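First the structure, in the form of structure tokens, and then the observations on it.
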2 protein chains.
Amino acid sequence: MDSLPPMMTGTTTSPATKATAMPFLSSSSFSLRASKSSNLWLTRRQPVNVRCVSSSPAAAYTTKVSRNANIAKLQAGYLFPEVARRRAAHLLKYPDAKIISLGVGDTSEPIPEVITNAMAERAHALSTVDGYSGYGAEQGEKKLRTAIAATYYPDLGIEETDIFVSDGAKCDISRLQLLFGSNVKIAVQDPSYPVYVDSSVIMGQTDLYQQDVQKYGNIEYMRCSPENGFFPDLSSVPRTDIIFFCSPSNPTGTAASRDQLTQLVKFAKDNGSIIFYDCAYAMYISDDSPKSIFEIPGAKEVAMETASFSKYAGFTGVRLGWTVVPKELLFSDGHSVAKDFNRIVCTSFNGASTISQAGGLGCLSPEGLEAMQDIVGFYKENTKIIVDTFTSLGFNVYGATNAPYVWVHFPGRNSWDVFAEILEKAHVVTTPGIGFGPNGEGFVRVSAFGHRENIIEAARRLKQLYK
Amino acid sequence: MDSLPPMMTGTTTSPATKATAMPFLSSSSFSLRASKSSNLWLTRRQPVNVRCVSSSPAAAYTTKVSRNANIAKLQAGYLFPEVARRRAAHLLKYPDAKIISLGVGDTSEPIPEVITNAMAERAHALSTVDGYSGYGAEQGEKKLRTAIAATYYPDLGIEETDIFVSDGAKCDISRLQLLFGSNVKIAVQDPSYPVYVDSSVIMGQTDLYQQDVQKYGNIEYMRCSPENGFFPDLSSVPRTDIIFFCSPSNPTGTAASRDQLTQLVKFAKDNGSIIFYDCAYAMYISDDSPKSIFEIPGAKEVAMETASFSKYAGFTGVRLGWTVVPKELLFSDGHSVAKDFNRIVCTSFNGASTISQAGGLGCLSPEGLEAMQDIVGFYKENTKIIVDTFTSLGFNVYGATNAPYVWVHFPGRNSWDVFAEILEKAHVVTTPGIGFGPNGEGFVRVSAFGHRENIIEAARRLKQLYK
């Protein structure tokens, strides 16, 4: 299987099946190669210039490199591309449908000018001798790191040097997995953002997927449901090395209270675990729930935290976030976690785009902060429309108060079926709860990102569908 | 060691040592936490409110998470931060020194306006309802992928769908390592770009560092030296799963010929290996050396290729590159490598910044291509000045013809010593050859990136030093 001649592959550039314009073909090196490899050709080849016409797949050349067994464990596609695929299929079926997407948590409102001006200005500066800059620090520009520390962590003892600017939380989660390696065990909220679990599988931290329970082996799924107020019963959770915890939670839209996070920090400390705290939606918090895990005393010794400009400034395409790794966070041998994370960042990343970083500075200017608050406020009004819609139809909805997500309960139903029903009959894309974990079954996540007229129209169609 | 009380850590936010303004301290949850953890406190604590004054390190709280043994294998810092550290130390010693950096391969010339205008325009568009876009495809914008295929791979059978737009080669190398996992063995040119080796160590593909030979166990170091024209003697190289190959080579500046790359592809095919071909400097090729591995027939079945706008358009800070994974490249079980790479990209990356991608489209416009050629031409003139300088001083220099790097031979000398000598006496930063692998000993890499007046001044100082 490993050394079939090129004409067996069905590719159109194989020398035996298609002449190309490349100088190579007339050079002496080709004959050299052909003669040197003739042994292989003689043993397994079919007649030269006769293409394989069997209807079975052509016997293509395969390398001898084994597929990574961890990737083979992954189930189907990553959730959101799968949602996108189904949306595309729907559009093929109904080419005239005006689809409204309340699925992927993708921002819809323009980025405030104070921020885009900062980015355009930096872009223009890059074409001047004085304004040009090449490689930046892998950890991000000092000015931005300082501004992040001052804006989001005043009085919390988080310094500029604890902050690693990134191209977004998803990317930092992968770097985090490289940091911890394959010998750790993780816990996740169930349901949770699928990247925690998928990146753990890819890193080789898990066992096979167990079809019956819809879980991977060697991951702790911490049940979050209406019954426990979407905060896990920690007394029943075994110790793991890493605890991924997202608040306000994607997908349930619920924020953990100060009391709950204090329990979580204590739980981590008692177990010697490290919390990876994802607060990408912190600015959506309206009540007094903590916006950062570092508001909880002692958290610096057990937690790191990732955050992002994506959902505040519409930076989903611009790509900018940060991760805080306090110098107080230590491995069991006393070695600094931040020091190793720094090594990972320096080796596998070259810094966020300097233009995006200029945008980040724009975000943190007084006008930028105000503009971001306006954006967050706008999406929260959307949230209210969605909540009112489902509530008026008799559904139980959760989250929404402190997040741009509404977690709608369809008791006893398969969430992909609900997803399909809403897409088919209302041309509205949602996200099936099961995509976030087995305990998401029976729910769909409805995102509040979208133009107001689309939210209103989606509400109208949903009322039509479920009246 | 694992549960010492917070006041032992020397951090200023521990509740027992410093009162903070946080509402938490007066809430009932604090007493709850303090009493629940009292067992631990009683067993190992020192008297409360007495700070550790010993000169030995304070006994800080440590988690029970083990440090990743693979990261512990890494030697010292990543090369370029180490060079930067020594440069900073030099500046402390000579605050008035006008240091010229010919070290890190960092571009110095402004980005052509046709390209920055495209980026500024996209940034401004993001503040409009019609021009706003959120998440892009993880693989990059279709228009950009199409333009890359058309510009760099005409007639080579590489299609838009084979191309994954990235935020640069360094980042894609890490994603590549996630793709292959820990059970593969790699080969590298010796010397080579340090990220290949370091990312392999981090991924757990290697054994410990062997101080005596200055190599990691379970990596094949393919000797590249003046004696073999900087192309490895493949007849003496054992099979590995992956072969990292960079041409034009960083650091030696040499480009492999068509004959040599044909040998390499045949070698990979005979062994069932996968070549990871790094052609980040391809536009610097002046002779008829291939600019892409896919110019070699059959390469699509054994190679993937990474490339970057960094060194053509000055995008080192803007971050944009791409990786080609042909659909013909298959694992031993026939599974598509591209399909798994796509899964990695979708799970651990969210696409390059849309503004950078607009810049990429600017690069590939007719004016952009011309402007990039001008930049490449400018740096190549720098290269000639550096080559002439060292040659006139009687040194043997290599590379340079097809690359922005000059590989200067200091036979019998320690390359960190040479680095230090040039820094100390000429205030010029270079890169010690040993940083690229044991076979780089006795060389320094001199980068041709820099303003013309700095190159001329560096040449003057070097002539002074080595006359």
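Computed from a prediction, not measured in an experiment: that's the story for all the values here. Throughout, protein chains are lettered first and strands after them, A, B, ... in sequence-line order, and every chain is numbered starting at 1.
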Task: salt_bridge(A:Arg319, B:Asp167) N-O dist < 4.0 Å - done: no
Open item on the list: For B:Val104, which atoms come within 4.5 Å of any heavy atom of chain A: side chain, backbone, both, or neither?
Closed with: side chain
Open item on the list: Quick one, B:Val129 and A:Pro110 - any side-chain contact, counting heavy atoms below 4.5 Å?
Closed with: yes
TODO: Please report the closest heavy-atom contact between B:Ala123 and A:Ala120, naming both atoms and the distance.
DONE: CB-N, 4.0 Å
TODO: State whether the side chain of A:Tyr61 and the backbone N or O of B:Lys269 hold a donor-acceptor pair below 3.5 Å, judged by distance alone.
DONE: yes
Task: Choice from B:Ser348, B:Gly181, B:Ser174, B:Gly351 maximising heavy atom contacts with chain A below 4.5 Å - done: B:Ser348
- [ ] Specify which of A:Leu179, A:Ile173, A:Val302 makes the most heavy-atom pairs with chain B at under 4.5 Å.
- [x] A:Leu179
Task: B:Asp241/A:Lys64 ion pair, N-O < 4.0 Å - done: no
- [ ] Identify which part of A:Ile71 has an atom lying under 4.5 Å from any heavy atom of chain B, answering side chain, backbone, both or neither.
- [x] side chain
Task: From B:Arg175 atom CZ to A:Cys171 atom SG, the distance as rounded to the nearest 0.5 Å - done: 7.0 Å
Open item on the list: Does any backbone or side-chain atom of B:Ser66 lie under 4.5 Å from a heavy atom of chain A? Answer side chain, backbone, both or neither.
Closed with: both
Open item on the list: So for A:Gln357, is it side chain, backbone, both, or neither that comes closer than 4.5 Å to the heavy atoms of chain B?
Closed with: neither
- [ ] Find the distance between CZ (B:Phe315) and OG (A:Ser353) and round it off to the nearest 0.5 Å.
- [x] 8.5 Å
Task: Interchain contact, A:Ala137 with chain B, by part (heavy-atom threshold 4.5 Å) - done: neither
- [ ] To the nearest 0.5 angstrom, please state how far the NE2 atom of B:His124 sits from the CG atom of A:Asn117.
- [x] 5.5 Å
- [ ] Using non-hydrogen atoms and a 4.5 Å limit, figure out which bit of B:Asn271 sits close to chain A: side chain, backbone, both or neither.
- [x] backbone
TODO: Report the distance from atom CG of A:Leu79 to atom SG of B:Cys346, rounding to the nearest 0.5 Å.
DONE: 11.5 Å
Open item on the list: Quick check on B:Asn70 against chain A: is it the side chain, the backbone, both or neither that has a heavy atom closer than 4.5 Å?
Closed with: neither
Open item on the list: Contact between B:Met203 and A:Leu178 at the side-chain level, heavy atoms closer than 4.5 Å - yes or no?
Closed with: yes
TODO: Not counting sequence neighbours, which residues clear salt bridge (Lys or Arg N to Asp or Glu O under 4.0 Å) with B:Arg67? List them please.
DONE: A:Asp340
Task: B:Thr107-A:Tyr135 side chain donor-acceptor pair, cut-off 3.5 Å - done: no
TODO: Kindly indicate whether a cation-pi arrangement holds for A:Lys170 with B:Phe349, taking the cut-offs as under 6.0 Å to the six-membered ring centre and within 45° of the axis.
DONE: no
TODO: With rounding to the nearest 0.5 Å, note down the distance linking OH in A:Tyr132 to CD in B:Glu109.
DONE: 8.5 Å
Task: Interface moiety of B:Phe331 toward chain A, non-hydrogen atoms closer than 4.5 Å - done: both
Open item on the list: Surrounding CG of B:Asn183 (heavy atoms of other residues, nucleotides or ligands, distance under 6.0 Å), is the total greater than 12?
Closed with: no
Open item on the list: Can you tell me which portion of B:Ala268 sits under 4.5 Å from chain A's heavy atoms? Options are side chain, backbone, both or neither.
Closed with: backbone
Task: Residue, of A:Gly134, A:Ser199, A:Ser182, that accumulates the most heavy atom pairs under 4.5 Å with chain B - done: A:Gly134
Task: Atom group of A:Thr128 that falls short of 4.5 Å from chain B, counting heavy atoms - done: backbone
Open item on the list: With a 4.5 angstrom heavy-atom cut-off, is it the side chain or the backbone of A:Ala84 that approaches chain B, or both, or neither?
Closed with: neither
Open item on the list: Counting heavy-atom pairs under 4.5 Å with chain B, which one of A:Ile355, A:Asn350, A:Asp172 comes out on top?
Closed with: A:Asn350
Task: Nearest-0.5 Å distance, CD1 of residue B:Ile202 to CD1 of residue A:Ile344 - done: 4.0 Å
Task: Region of A:Ser108 that comes under 4.5 Å of a non-hydrogen atom in chain B - done: backbone
TODO: Could you walk me through whether A:Thr63 and B:Leu329 pass the side-chain contact (heavy atoms from CB on, under 4.5 Å) test, one step at a time?
DONE: CA-CA 8 Å; A:Thr63 65; B:Leu329 186 64; 4.1 Å; yes
- [ ] Between chain A and each of B:Asn342, B:Thr354, B:Asp130, B:Leu330, count heavy-atom pairs under 4.5 Å; write down the option with the most.
- [x] B:Leu330
Task: Interface moiety of A:Arg239 toward chain B, non-hydrogen atoms closer than 4.5 Å - done: side chain
TODO: May I ask you to test the A:Thr62-B:Glu301 pair for a side-chain heavy-atom distance under 4.5 Å?
DONE: no
Task: Side chain, backbone, both or neither of A:Ile115 within contact of chain B (heavy atoms, under 4.5 Å) - done: neither
- [ ] Count the heavy-atom pairs under 4.5 Å between each of A:Gly314, A:Gly168, A:Ser133 and chain B, then report the option with the highest count.
- [x] A:Gly314
